[in-house]
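All remarks here apply to the structure that follows.
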Protein chains: 2
Amino acid sequence: MPDRPGAERSTTAELFNGAVAASAICAAFELGLLTELEANGAIDPAGFAARAGLDHLALDAVILGLRHAGAVVEDGERGLVPGPAFGEIWRDKGYFLWLIGGYGSMLSGAAQVCRADGWPSRTNARDGGAIARAGKDYGAQFVDSMFHKLVSAVPHRTAADLGCGSARRLIELAGRAPEARFVGVEVDAAAWSAGREAVREAGLEDRIELVHSDLTALPDGAFPDVELVFSFFLAHDLLPRERFVKVLAALRRAFPGAQNLLLSDTYRSQQAADPHCPIFTLGFEYTHGLMRQQLPTFAQWVETFELSEEWKLLATHDLEIAYSTVFHLVPRDDARDALTPPQDETGDRSE
Amino acid sequence: MPDRPGAERSTTAELFNGAVAASAICAAFELGLLTELEANGAIDPAGFAARAGLDHLALDAVILGLRHAGAVVEDGERGLVPGPAFGEIWRDKGYFLWLIGGYGSMLSGAAQVCRADGWPSRTNARDGGAIARAGKDYGAQFVDSMFHKLVSAVPHRTAADLGCGSARRLIELAGRAPEARFVGVEVDAAAWSAGREAVREAGLEDRIELVHSDLTALPDGAFPDVELVFSFFLAHDLLPRERFVKVLAALRRAFPGAQNLLLSDTYRSQQAADPHCPIFTLGFEYTHGLMRQQLPTFAQWVETFELSEEWKLLATHDLEIAYSTVFHLVPRDDARDALTPPQDETGDRSE
């Protein structure tokens, strides 16, 4: 899927300049410059620096990077206005924050991370806060509409979010469905605490229950009322395959009444070496490889689900994030016909 | 100066992928993979990982980034062989190490660095060791031949290197000129100590004297025998202009016998926002802007030299690094004709 048909591979100058521009885009997003430019259509750099408490020479450097990328152009007295690439950069800003803000230390220290003892000892190689902020941005643009379509298609009075983080999505769902109840499961203590606080602030303690637990440690029959279970970009963290199959079994026992399991995730493209590979794909595969994760291809995910004695794959629903889909699983005893992926369709995903 | 005439601005996918590929190139250089590939013409990833003590999944991620950049291709039983872009990447590897290894923390934390108190408090934003290793690589390729040509054109029995770092260049010069003596001045204590050790190991203590000092603190008449004084990419660190002019005066007093002063440096291009800007330029201007340095253009350097009462600009000699030159200064009382840069020539440098 070429972004720019017929274009050649990038030169070393373009690769180098891409790294600089990516930093500038990430910084401009974090500083609120892109947001203000999108809202107001123009920005006065000196005034922005003063309001935001920034050094003006440093801000000029960020603006230089943005000009190089075509995000902004100078327009005399109006100051900076959106450039020819602003729309594309505004849309993709979350990916840049994810890569540069979230994994920047890993990018600069990749040689050290490669050493046999280089991971996970370098715990500062990821910035979880930046990754969460990035996910909020690209999730809202590229995931939420498909997700809400799927959720509204499967009736449920109680739903569970596996790896719910700080409960942002549960709180949003609670606002959309005033009758429904929710369960969130989160293994990270800090995220779970933040979620509890957010639920309290939203006044939703009676409708959202947050559980601090590993997925395999949930008691059997713990949540008999939950009819819909979902997770976002969590499944690949539950690998390897043997462990994943056990997690699926544990989920069936913990959520015996669940009729639908929606697992959204990004699979290995086998196309990341292509110079035309879309945004996100190469970065996702590069960082996860450095973290010693061997991501499954689409076909390998399908094979993995076939190993489950509890769940069968009913359908997949592609997201707007490249090589990312929602795997829709239902209990094996469900009467609905499971997906039998035609060889061709699976093949298409790696071309 | 388009690298690829007629090419469009990079897409967001290309900028994003450039950042990933830059990390992979930097890592492959640091791990010795590029060097082994250049020497042997092929590499077995599994064997390389075992010999170098690397995790094979992490190394595979680096190789994925290299394949994306065209640095390597898979070739069946031979393993990895150089790809279509290997020559270009081998040539430019020092620039990637400089940017990603040297300034990677600054790239990922650019938003924080922009804040009024964000620099120089973030002292870990630069990795001096990586910057030195990078300079050794691109210096050998793009600076040394011009430098040795200039040095051999100006007779000298004693020469001084301002900001000599770990004395690598002085030791090399001593090997080329067995009769000559050398002085190195270095303000950084760690680099100065490393230089002393290197000089001792080379058995050159009788011919190379290393002084731990700021340039403005050198005693008047300290080095009467020095006939040639030079520095590499140091001049912009001696700005602003008023300070720089004082340093020039102090140098005249400390080196009263110096007949030639060769200052190599990179000047501001005014072209870094152009999508076709060559490698290094945008990164140099971006990082120095974040460090609150306003780099002079070529014309501004010429103006600055004109303010000196001690030195006049005799000539400039462009380096193979974009927008970088050797400013050749001589004492004002020297009979040689100074450079009077034609308006056109100066203008050309910013077009």
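Side-chain atoms are counted along with the backbone in the values below, which use heavy atoms only and exclude waters and symmetry mates. Every chain is numbered from 1 and lettered A, B, ... according to where its sequence line falls, protein lines coming before strand lines.
- Counting heavy-atom pairs closer than 4.5 Å to chain B, the top residue among A/G101, A/G18, A/A28 is A/G18.
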Report the C-alpha distance between A/C277 and B/N17 in whole Å, list the side-chain angles of each, state the deciding distance to 0.1 Å, and finish with yes or no for side-chain contact (heavy atoms from CB on, under 4.5 Å).
CA-CA 8 Å; A/C277 115; B/N17 291 339; 3.9 Å; yes
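- Closest of all the heavy-atom pairs between A/R9 and B/R67 is NH1-O, 3.7 Å.
- Note: A/D274 leads A/L59, A/D274, A/D127 in heavy-atom pairs under 4.5 Å with chain B.
- In this structure, CG on A/L54 lies 11.0 Å from CD on B/Q112, to the nearest 0.5 angstrom.
- In terms of heavy-atom proximity, B/L15 sits nearest to A/A21 at CD2-CB, 3.9 Å.
- Heavy atoms closer than 4.5 Å to chain B are found nowhere in A/L97, neither backbone nor side chain.
- No side-chain donor-acceptor contact under 3.5 Å links A/S10 and B/E14.
- Only the backbone of B/A52 comes within contact range of chain A, with heavy atoms under 4.5 Å apart.
- Summarising the local packing, CD of A/E38 is surrounded by more than 12 heavy atoms from other residues, nucleotides or ligands at distances under 6.0 Å.
- The part of B/D92 that comes within reach of chain A is its side chain, from C-beta onward, which places non-hydrogen atoms under 4.5 angstrom from that chain.
- A/R115 places none of its side-chain heavy atoms less than 4.5 Å from the side chain of B/D55.
- Nearest heavy-atom pair, B/R91 versus A/T12, reported as atom, atom and distance to 0.1 Å: NH2-OG1, 3.9 Å.
- The two residues A/E285 and B/A61 come nearest to each other via the heavy atoms O-CB, 4.5 Å.
- For the pair A/V62 and B/C114, the tightest heavy-atom approach, listed with the atom from each and the gap, is CG2-SG, 3.6 Å.
- With values rounded to the nearest 0.5 angstrom, A/S269 atom OG is found 7.5 Å from B/L64 atom CG.
- If you measure heavy-atom distances from B/A69 to chain A, the contacts under 4.5 Å come from both the backbone and the side chain.
- Ranked by heavy-atom pairs under 4.5 Å with chain A, the list B/A273, B/G65, B/A19, B/A27 is led by B/A273.
- Among the candidates A/L57, A/L33, A/I25, the residue making the largest number of heavy-atom pairs closer than 4.5 Å to chain B is A/L57.
- Comparing A/A85, A/A22, A/G70 by how many heavy-atom pairs each has under 4.5 Å with chain B, the most go to A/G70.
- Chosen from A/L282, A/I100, A/I63, the residue pairing most often with chain B at heavy-atom distances under 4.5 Å is A/L282.
- Atoms NE2 and CD, on A/H68 and B/Q271 in that order, are 12.0 Å from each other to the nearest 0.5 Å.
- Ranked by non-hydrogen atom pairs under 4.5 Å with chain A, the options B/G289, B/G104, B/S23 are led by B/S23.
- For chain A, the option among B/C26, B/G102, B/A116 with the highest count of heavy-atom pairs below 4.5 Å is B/A116.
- For A/A272, the parts sitting under 4.5 Å from any heavy atom of chain B are the backbone and the side chain alike.
- The greatest number of non-hydrogen atom pairs below 4.5 Å with chain B, out of A/A130, A/A71, A/A24, A/A49, is found for A/A24.
- The choice from B/T287, B/V20, B/T281 that makes the most heavy-atom pairs within less than 4.5 Å of chain A is B/V20.
- Using a 30° and 60° split on the angle between ring planes, A/F280 and B/F16 fall in the tilted class, from 30° to 60°.
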